[in-house]
Asks: 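This is the structure, below, for whatever I ask next.
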Amino acid sequence: MLNGIVVKAYNSYYYIQSGNKIVTCKLRGRFKKERFSLIVGDEISYTLTGPDKGIIEEILPRRSMLKRPMVANVNQVVLTFAAVNPDINPSLVDRFLVIAEFSELDIIICINKVDLTDIDSLPNLVDRYKQIGYKVLTTAAKTGIGIDELRELLYGKISVFAGPSGAGKSTLLNTIQPGLELTTGEVSHKIGRGKHTTRFAELLPLAGGGFVVDTPGFSFTEFTDIEQAHLMDYFPEIAKVAPDCKFNTCLHYKEPQCAVKQAASDGRIHPDRYQSYLEILTEIKENKKGY
Ligand SMILES: Nc1nc2c(ncn2[C@@H]2O[C@H](COP(=O)(O)OP(=O)(O)OP(=O)(O)O)[C@@H](O)[C@H]2O)c(=O)[nH]1
Ligand SMILES: [Mg+2]
Ligand SMILES: [Zn+2]
């Protein structure tokens, strides 16, 4: 049997990257009975039934699964924001970070379009996130700044690009891997909001090994799967000081002798980050009330 990885799924056909060719496969009947749904990123074994055709015989265990977009075995997410146009919004960065942390992915923050502004004029955003421990890159897809560094981080991995519309995700990918020809700008804006791009996530191969997934930008983030008591786990610097709170059920909201509130007021935790935490906590609370 031969091995491959599902790069695209469409109408019960699976496009398998195997070596450097694409084999179009169907699933063995028994998988259908088991109601197993194979998704992009799954590793499989197949037998050939024609030069570029085959049948999937075996599905290897999944190491992870990302729900939106549906992709198996993702290693990392590249959260992409534009420094300007649209201007970077720290509260939106924090919201994307929470979702990425919740998905247990390695995280790279990429601040793009630095050709349009003096990065040092941004309110210390790079330092803010580096201090928490995040990897932060500054890039300009248009001029090539930071592209080699970003490309290096993608080799041999499955990386999902996410972030608001217009940040330059597709432009970055086109620059990193010439030939992808992803739609950018106005058009992508329109298509990106349609169903197709999200429903049919695709693994795009990188010449040096590894895959990237482009996603349509969205600014609306929901936290319906996150419990109030767990939210702090997705803010690494908050999780670190939380054990020092007086109450071990402390949500770091109005409780007395809260170490997190203390850290936010003396600057060990950035006040904006604490504010983002409170905002999301409130949203989760209000969501719960609805049930
Ligand atoms: N000046 C400058 N413009 C850029 C840069 N990267 C992208 N752009 C422009 O920004 C616009 C949006 O880029 P896209 O790549 O379509 O953005 P996206 O993140 O894929 O957006 P969606 O697909 O809607 O989520 C396009 O007009 C790009 O040409 C950059 O580094 N510098
Ligand atoms: Mg795009
Ligand atoms: Zn507390």
Side-chain angles (χ1 to χ4, degrees), residues 68-69 77-89 92-93 96 109-119 137-150 159-178 180-198 200-202 204 212-221 228-233 235 237-266 268-269 273-274 277-278 281:
R68 214 177 96 174
V77 61
V78 181
L79 293 180
T80 309
F81 302 90
V84 289
N85 188 28
D87 293 1
I88 192 163
N89 168 351
L92 190 61
V93 176
F96 273 100
I109 299 175
C110 175
I111 302 179
N112 187 40
K113 302 199 191 181
V114 295
D115 56 314
L116 297 179
T117 183
D118 174 12
I119 191 72
L137 292 185
T138 50
T139 61
K142 276 274 169 75
T143 63
I145 300 171
I147 297 301
D148 288 343
E149 203 183 343
L150 178 55
S159 310
V160 170
F161 278 64
S165 190
K169 301 177 293 294
S170 307
T171 310
L172 274 172
L173 290 172
N174 285 337
T175 311
I176 288 165
Q177 184 57 60
L180 287 181
E181 292 176 2
L182 298 168
T183 323
T184 62
E186 299 289 323
V187 188
S188 144
H189 198 90
K190 285 200 192 100
I191 298 173
R193 285 176 189 277
K195 286 185 206 152
H196 300 279
T197 14
T198 24
F200 307 120
E202 193 177 340
L204 308 164
V212 288
V213 180
D214 191 17
T215 69
F218 59 97
S219 303
F220 180 68
T221 45
Q228 283 181 66
H230 287 302
L231 180 61
M232 68 183 97
D233 300 339
F235 285 81
E237 77 279 40
I238 292 183
K240 214 191 281 173
V241 299
D244 297 334
C245 294
K246 180 169 168 70
F247 301 103
N248 62 7
T249 55
C250 190
L251 292 177
H252 327 301
Y253 177 49
K254 286 186 174 160
E255 298 88 342
Q257 298 185 47
C258 168
V260 172
K261 236 184 302 175
Q262 184 56 46
S265 70
D266 65 28
R268 280 174 294 138
I269 290 176
R273 290 275 295 166
Y274 180 56
Y277 169 83
L278 289 181
L281 187 73

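Read the numbers this way: they start at 1 and go in the same order the structure lists the ligands and their atoms.
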Asks: Between D87 and V84, is any pair of side-chain heavy atoms under 4.5 Å apart?
Replies: yes

Asks: Looking at side-chain heavy atoms only, is the closest gap between Q262 and R268 below 4.5 Å?
Replies: yes

Asks: Examine the proximity of ligand 1 to P216 and report which part, side chain or backbone, both or neither, has a heavy atom under 4.0 Å away.
Replies: backbone

Asks: Enumerate the atoms of ligand 1 whose separation from the nearest heavy atom of A167 is less than 4.0 angstrom.
Replies: 17 (O), 19 (O)

Asks: Taking the side chain as every heavy atom from C-beta outward, state whether I111 and I88 have any atom pair closer than 4.5 Å.
Replies: yes

Asks: Are any non-hydrogen side-chain atoms of V213 and L204 less than 4.5 angstrom apart?
Replies: no

Asks: Going by the order shown, which atoms of ligand 1 are within less than 4.0 Å of some heavy atom of G217?
Replies: 22 (P), 25 (O)

Asks: Evaluate G185 for polar contact with ligand 1, using N/O atom pairs at a separation under 3.5 Å.
Replies: yes

Asks: Side chain, backbone, both or neither: which applies to T171 and ligand 1 if a contact is any heavy-atom pair less than 4.0 Å apart?
Replies: both

Asks: Taking the side chain as everything from C-beta on, heavy atoms only, tell me whether L137 gets closer than 4.5 Å to L150.
Replies: yes

Asks: Quick check: does A141 get an N/O under 3.5 Å from an N/O on ligand 1?
Replies: yes

Asks: Could you tell me whether some N/O pair between G168 and ligand 1 is separated by less than 3.5 angstrom?
Replies: yes

Asks: Below 2.8 Å, any N, O or S contact between S170 and the Mg ion (ligand 2)?
Replies: yes

Asks: Distance under 4.0 Å to a non-hydrogen atom of L116: what atoms of ligand 1 satisfy this?
Replies: 1 (N)

Asks: Which heavy atom of I147 sits nearest a heavy atom of A141, and at what distance?
Replies: CD1-CA, 4.2 Å

Asks: Can you confirm whether L79 sits close enough to V93 that some side-chain heavy atom of one is under 4.5 Å from a side-chain heavy atom of the other?
Replies: no

Asks: Judged by modelled atom types alone, do D115 and T143 share a side-chain donor-acceptor pair under 3.5 Å?
Replies: no

Asks: Apply ring pair (Phe, Tyr, Trp, His ring centres under 6.0 Å) to residues F96 and F81 and explain how you reach the verdict.
Replies: CA-CA 10 Å; F96 273 100; F81 302 90; 5.7 Å; yes

Asks: Which pair of non-hydrogen atoms, one from H252 and one from L278, has the smallest distance, and what is that distance?
Replies: O-CD2, 3.6 Å

Asks: Just to be sure I'm reading this right: ignoring hydrogens, which of K169, K142, K113 gets closest to atom 19 (O) of ligand 1? Compare them by their nearest heavy atoms.
Replies: K169

Asks: Any N/O of G166 closer than 3.5 Å to an N/O of ligand 1?
Replies: yes

Asks: Sort by chain and number the protein N/O/S atoms found under 2.8 Å from the Zn ion (ligand 3).
Replies: C245 SG, C250 SG, H252 ND1, C258 SG

Asks: Quick one, Y274 and S265 - any side-chain contact, counting heavy atoms below 4.5 Å?
Replies: no

Asks: Against heavy atoms of A140, which atoms of ligand 1 measure under 4.0 Å?
Replies: 31 (O)

Asks: Can you list the atoms of ligand 1 that are under 4.0 Å from a heavy atom of N112?
Replies: 5 (C), 6 (N), 31 (O)

Asks: Polar contacts were defined as any N/O atom of the residue lying under 3.5 Å from an N/O atom of the ligand; does this apply to S165 and ligand 1?
Replies: yes

Asks: Using a 4.5 Å cut-off on heavy atoms from C-beta on, say whether the side chain of T80 contacts that of L172.
Replies: yes

Asks: Mind checking whether D115 contacts ligand 1 via backbone (N, CA, C, O), side chain (CB onward), both or neither, at a 4.0 Å heavy-atom cut-off?
Replies: side chain

Asks: Taking atom CG of N248 as the centre, report whether more than 12 heavy atoms of other residues, nucleotides or ligands fall under 6.0 Å from it.
Replies: no

Asks: Taking 4.0 angstrom as the limit and counting only heavy atoms of T184, give me the atoms of ligand 1 inside it, by number and element.
Replies: 15 (O), 16 (O)

Asks: State whether a side-chain donor-acceptor pair under 3.5 Å links D214 with S170.
Replies: yes

